[in-house]
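What follows is a single structure, written as structure tokens, with notes after it.
In this chain, numbering begins with 1 at the start of the sequence shown.
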Amino acid sequence: SVNNSWFSTKARLTAEEWGENYFLVGPYVESNVRTQVELIEPTNPALKRAIDKMNSSGCKVYFGRWLIEGSPYVVLIDVAFTAWNLDKWKKELWDNFSIGVPWFDREANDAVLFGFLTAWLLGEYAAQCEEPPHILAHFHEWLAGLGLALCRQRQLPVATIFTTHATLLGRYLCAGSVDFYNNLADFNVDKEAGDRQIYHRYCLERTAARCAHVFTTVSQITAVEAEHLLKRKPDIITPNGLNVKKFSAMHEFQNLHAQSKNRIQEFIRGHFYGHLDFNLDKCLFLFIAGRYEFSNKGADIFLEALARLNYLLRVSCVCACPALCVCVCVHVYQKMCVRLESIQTPQLFPHFVRLLGQLPDVSKMLSKDDFTMMKRAIFATQRQCQPPICTHNMLEDSNDPILTCIRRIGLFNSSADRVKVIFHPEFLSSTSPLLPMDYEEFVRGCHLGVFPSYYEPWGYTPAECTVMGIPSISTNLSGFGCFMEEHIADPSAYGIYILDRRYRGVDESCNQLTSYLFQFCQQSRRARIIQRNRTERLSDLLDWRYLGRYYISARHMALAKAFPDTYFYQPHDSDTAQGFRYPRPASVPPSPSLSRHSSPRQSEAEEDDDRYDEDAEAEKDRLNIRQPLTLPSKKGPALPYTLPGANGEKNGATGVKN
């Protein structure tokens, strides 16, 4: 898909690797093409002949450049234009693979069309090449998987890779509140898929996984899931990365945090207009974001932990007021400003000019009428009702799982509550009439991201927090959490809190999350700054220039399996995460147990503590990111790419790719 953010972040590095030999294939969506693709003539002669042949045979295939960083070539296929072939291709699917697709499943029908068209394109390209080509095709998710199976069935000269970012059946099982991970080995996968009316989709996904030369997935936890549900153990783990340069703010990220936090504070004042009975300078902003999957994304355990945190803060007399702050109603704040501005009088400025730094006499500056207007304005801001929780009017709010949970746990933003909750059921945007902030700006302004997901094959939200220097809470059931546990000796010292949801019950996990939140609230301002510095340094670990090594290994493995006479693959250490660990910081980590002062007050002991050396720690951390490794082949010209290493040197690799 043209608007897939995963491809857009990875495209630049892959385009640098393969240059003119790299093409993305996807469905043609006119609304996206108009704004994101520059349509041009194909630059590869064989590909041009293949596209022309398909267009003359009743297809619509477009070629262009995707207008993102790296500007990769894209081949876009109009799936709907060839729908007249659907019945014929579904019959062929049944004859060759014994997979039947019901007529009413439009998404599966589109997958059939796209799969056959992709195989047609690859076969036509191979036929148009003057010499036998060596083609490498990487298929993602079940929607594209049929094209892979057809390439193998038709014995095309294509080395195939299939990557699942989350198994289809796994998503459905977890959405049904099943004890998923403790029963992985016991599921009757055919029955479970049939009961959920996705058996044909499951068969397409399983066929792609079994037919691929190389099968990969995004995390170790998903590899275990895939082995049981798709009946094949992944050959390589290929973690998801980010284009870190996009989020890079050099040494200004702390300033950006302060600026974005001020913008959030302004809107918090508006949202709690008439109820602002807490000090925003002592307020921590916690947030959760993601798809609206109440249990899978951990919203249930997060809200329950907030209720317990609210109790702890009330009984412990800690002067901090964490709040789940997402968005507020700006027009209310503007109304308050108008009322307060009405008390300003022309004589105030002359008084300040004449005083020359002396404290003014308030009785001379404001008249009796001014005091009366001020009192009226103050009384007008008071409200008798409870502060709002949701920024929107929800349809059937009585059935909304988040609002229902908030009512059950009693977090109504009352004056006695130390935890204030704001629920914003809409995407953040700089053009929003409520809070004109992009998601990146909003994340930078918060103090902690909380993502206690039960089912999270990777987890882009905590990864995005990390590259922006914002600490986060993840779980050992998420790919991101498992990845960080493998790479960091003491994740919490770097602002990566890993919640145990695999070996603990729900109540135990909730208590652990409450403990993390309570301890985070007790950190001093200086401790949080140190922690954010350490968190931001982990961004190199999530850069595609580091994680791209796993995709390079997968490609070499696939080429060696498909063309053993030409390519040779030797497994290397880069296929595993071993040997790439951040040590425990040499200085005393900003452990919450070492700081009992409220935010933002500084600890006097910490002010005199010179054991923390930012530059020294940063240099040690940089040494722990190793440069990408090269993989040999038996013969053939050099691959058309080099990959910059940690110190800027280039590392060549040999092989062939057309």
By salt bridge (charged side-chain N to carboxylate O under 4.0 Å, His left out) - contacts of [X] (at least two apart):
X      : value
Glu396 : none
Arg196 : Glu192
Arg501 : none

Non-neighbouring partners of [X] that pass side chain to side chain donor-acceptor pair (under 3.5 Å), sequence neighbours left out:
X      : value
Tyr28  : none
Thr404 : none
Glu293 : Arg291, Asn296
Arg532 : Gln254

Between His271 and Phe267, is the gap from one ring center to the other below 6.0 Å?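 Distance test on ring centres: not under 6.0 Å, no.
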
Examine Trp458 together with Phe483 and report whether their ring centres are nearer than 6.0 Å.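 Here the rings of Phe483 and Trp458 have centres that are less than 6.0 Å from each other.
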
Quick one: sort the [X] and [Y] rings into parallel, tilted or perpendicular, breaks at 30° and 60°.
X      : Y      : value
Tyr497 : Tyr516 : tilted
Phe23  : Phe63  : tilted
Phe272 : Phe278 : perpendicular
His138 : His140 : parallel

Taking only residues two or more places apart in sequence, or in another chain, which ones meet [X] in a side-chain contact (heavy atoms from CB on, under 4.5 Å)?
X      : value
Asp438 : Ser430, Glu441
Gln265 : Lys261, Asn262, Arg269, Leu280, Asp281, Phe285
Tyr439 : Phe287, Ala289, Leu428, Val443, Thr461, Glu464
Glu141 : Thr164, His165

Does a side-chain N-to-carboxylate-O contact under 4.0 Å join Glu69 and Arg12?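 Result for this pair is yes, salt bridge flagged.
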
ring-ring contact (aromatic ring centres under 6.0 Å, His included) with Tyr172: which residues, sequence neighbours excluded?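 Scan of Tyr172 (ring-ring contact (aromatic ring centres under 6.0 Å, His included), adjacent residues dropped) gives none.
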
